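Just so you know, residue 1 is the first one in the sequence shown, and it goes up from there. In this text the structure is predicted, and so the values were computed from the model without any measurement.
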Amino acid sequence: MKLNRIFFPLVAVGLMAMSCSAEFEHGVNDIDSWPLSGANYEPSLEHPGILHTQKDIDHIRQMVKEKQEPAYSVFQALEKEPLAQSSYTIKGPYEVIARDGNYGYTKRNAEQDFDAVYLNSVMWMITQDENYAKKSLELMLAYAEVLKDIDGNDTALMAGLEGIKIVYALEMLSHTYDKISETDIQKVNDMLRNVFLPVWEEFYNTDPYTNGNWGLHVTKSYMAAAILWDDVDMYKKCVNFYLYGNDNGTISHYMRISS
């Protein structure tokens, strides 16, 4: 089975709906009988991957080139988005980021900086205009040089929401932009491993205490990093968590079945 993208909640739910619909008949959720788990399959990780494989990239470029609707109108809207501009001016970087508390003032600016990282990498992917790749990399490296911690009550949520933007951009540039250096890749990877990964791991090792969206956001970032780092064990951990984990963000707890 090849699960090489991160439309994880939607893809996973879609797969279950197609192949396991009987388990939900009459309000019964017999999750233990589902055939998919991290223990009994080996994922095939593709690069570039996460949100877009090379096949996806070629398809998107072709739709834009041929001005196919509604894709072309979406692309035009993206072109006008302030956070998707290669002229974007960084608002950070910050040594500590947070959604609340003493460092809550960094929330909006850091989110916009990470949005710009992601959106510029998408614009690079579509247009092949090097200025977008340069901007995405510039922003990632700025934070890689400074960022040391994620603080506040919502650390896991912030790490989940923002981490995937950086992971996706690094994945895309690493495999499609030949001017990114191994040194630059290592710097961004170090930030992900030293700042974001410990927060994701801590979330998995802590008893459930959040709304379901936390688990989903942490898992999509963790799975994205697994693809970036070719870490099959990390990927399988995500699958097992989503199917069998004791958390409000797992499929058995996130979806309430009523008779």
Side-chain angles (χ1 to χ4, degrees), residues 4 6 43 45-52 83 88-99 103 106-107 109-122 124-125 130 132-152 154-206 217-238:
N4 52 26
I6 278 292
L45 306 182
E46 183 175 344
H47 303 287
I50 302 178
L51 288 173
H52 302 109
L83 300 176
Y88 175 84
T89 300
I90 192 170
K91 296 175 171 58
Y94 302 100
E95 187 170 317
V96 181
I97 57 175
R99 289 171 54 85
Y103 299 94
T106 67
K107 176 182 181 295
N109 287 348
E111 288 175 345
Q112 290 187 352
D113 286 345
F114 295 141
D115 283 344
V117 166
Y118 166 69
L119 293 174
N120 271 273
S121 70
V122 172
W124 153 252
M125 178 264 288
E130 187 179 1
Y132 292 113
K134 287 181 177 178
K135 177 57 64 173
S136 183
L137 180 58
E138 171 195 314
L139 296 172
M140 284 193 285
L141 289 175
Y143 272 88
E145 292 288 346
V146 174
L147 185 60
K148 297 294 188 295
D149 193 20
I150 302 174
D151 192 46
D154 294 354
T155 53
L157 183 58
M158 187 164 206
L161 285 167
E162 307 309 319
I164 190 173
K165 301 172 189 176
I166 303 166
V167 174
Y168 171 87
L170 185 59
E171 169 78 3
M172 185 56 62
L173 267 60
S174 296
H175 295 282
T176 65
Y177 182 49
D178 59 12
K179 293 185 180 179
I180 188 172
S181 69
E182 289 299 321
T183 300
D184 290 342
I185 293 172
Q186 187 61 51
K187 286 180 180 179
V188 180
N189 270 323
D190 285 346
M191 172 179 64
L192 289 169
R193 290 188 182 276
N194 295 331
V195 179
F196 288 85
L197 180 59
V199 178
W200 301 332
E201 294 284 10
E202 182 181 18
F203 177 83
Y204 285 135
N205 294 328
T206 303
H217 285 305
V218 168
T219 298
K220 80 181 176 185
S221 281
Y222 196 86
M223 180 176 274
I227 296 170
L228 174 67
W229 297 330
D230 279 313
D231 193 319
V232 170
D233 289 337
M234 280 181 65
Y235 193 98
K236 291 163 72 173
K237 180 176 179 177
C238 290

Contact check, side chains of I50 and V167, non-hydrogen atoms, under 4.5 Å: yes
Which atom of V96 lies closest to which atom of D151, heavy atoms considered: CG1-CB, 3.6 Å
Sub-4.5 Å side-chain heavy-atom contact between Y118 and L51: yes
D230 vs H47 side-chain heavy atoms within contact, under 4.5 Å: yes
Electrostatic pair E130:K135 at N-O distance under 4.0 angstrom: no
Pair Y132-M125, side-chain contact (heavy atoms from CB on, under 4.5 Å): steps then yes or no: CA-CA 9 Å; Y132 292 113; M125 178 264 288; over 6 Å; no
Which atom of S174 lies closest to which atom of L170, heavy atoms considered: OG-O, 2.6 Å
Contacts under 3.5 angstrom, residues 139-150 side chains, donor-acceptor by atom type, not counting sequence neighbours:
unit_1	atom_1	unit_2	atom_2	d
Y143	OH	D113	OD2	2.6
E145	OE2	K187	NZ	3.3
K148	NZ	V146	O	3.2

Minimum heavy-atom distance between G160 and K220, given as atom pair plus value: O-CE, 4.3 Å
Residues that T176 engages under side-chain hydrogen bond (donor to acceptor under 3.5 Å, both in side chains), provided they are two or more places apart: W124
Any donor-acceptor N or O pair under 3.5 Å, side chains Q186, D190: yes
Main-chain N/O of I180 paired with D184 side-chain donor or acceptor, under 3.5 Å: no
Flag side-chain contact, heavy atom, 4.5 Å: L192 against N189: yes
Lys/Arg N to Asp/Glu carboxylate O, E138 vs K134, below 4.0 Å: no
Steps toward side-chain contact (heavy atoms from CB on, under 4.5 Å) verdict (L45, Y235): CA-CA 9 Å; L45 306 182; Y235 193 98; 3.7 Å; yes
OH/Y204: more than 12 non-hydrogen atoms of other groups inside 6.0 Å: yes
Given E171, H175, M223, M234, the one that forms side chain to side chain contact (heavy atoms under 4.5 Å, CB included) with L228: E171
Test: E111 and R99 ion pair at under 4.0 Å: yes
Within-4.5 Å side-chain heavy-atom neighbours: I166 and F196: yes
Y88 and Q112 side chains, donor-acceptor separation under 3.5 Å: no
M172 side, atom CE; N120 side, atom CG - distance, nearest 0.5 Å: 13.0 Å
Neighbour count >12 (heavy atoms, 6.0 Å) for atom CD, E202: no
Parallel, tilted or perpendicular: rings of W229 and W200 (30°, 60°): tilted
Shortest non-hydrogen contact between V195 and V199, atoms and distance: O-CG2, 3.4 Å
M158 side chain near T155 side chain, heavy-atom distance below 4.5 Å: no
Under 3.5 Å: donor-acceptor pair, side chain of S136, backbone of A133: no
Residues N109, F114; criterion side-chain contact (heavy atoms from CB on, under 4.5 Å); working and verdict: CA-CA 9 Å; N109 287 348; F114 295 141; over 6 Å; no
Smallest separation among heavy atoms of S121 and L173, with atom names: CB-CD1, 3.9 Å
Validation row, ring centre Y222 to ring centre F203 under 6.0 Å: no
Check: H217 and I164 side chains under 4.5 Å, non-hydrogen atoms: no
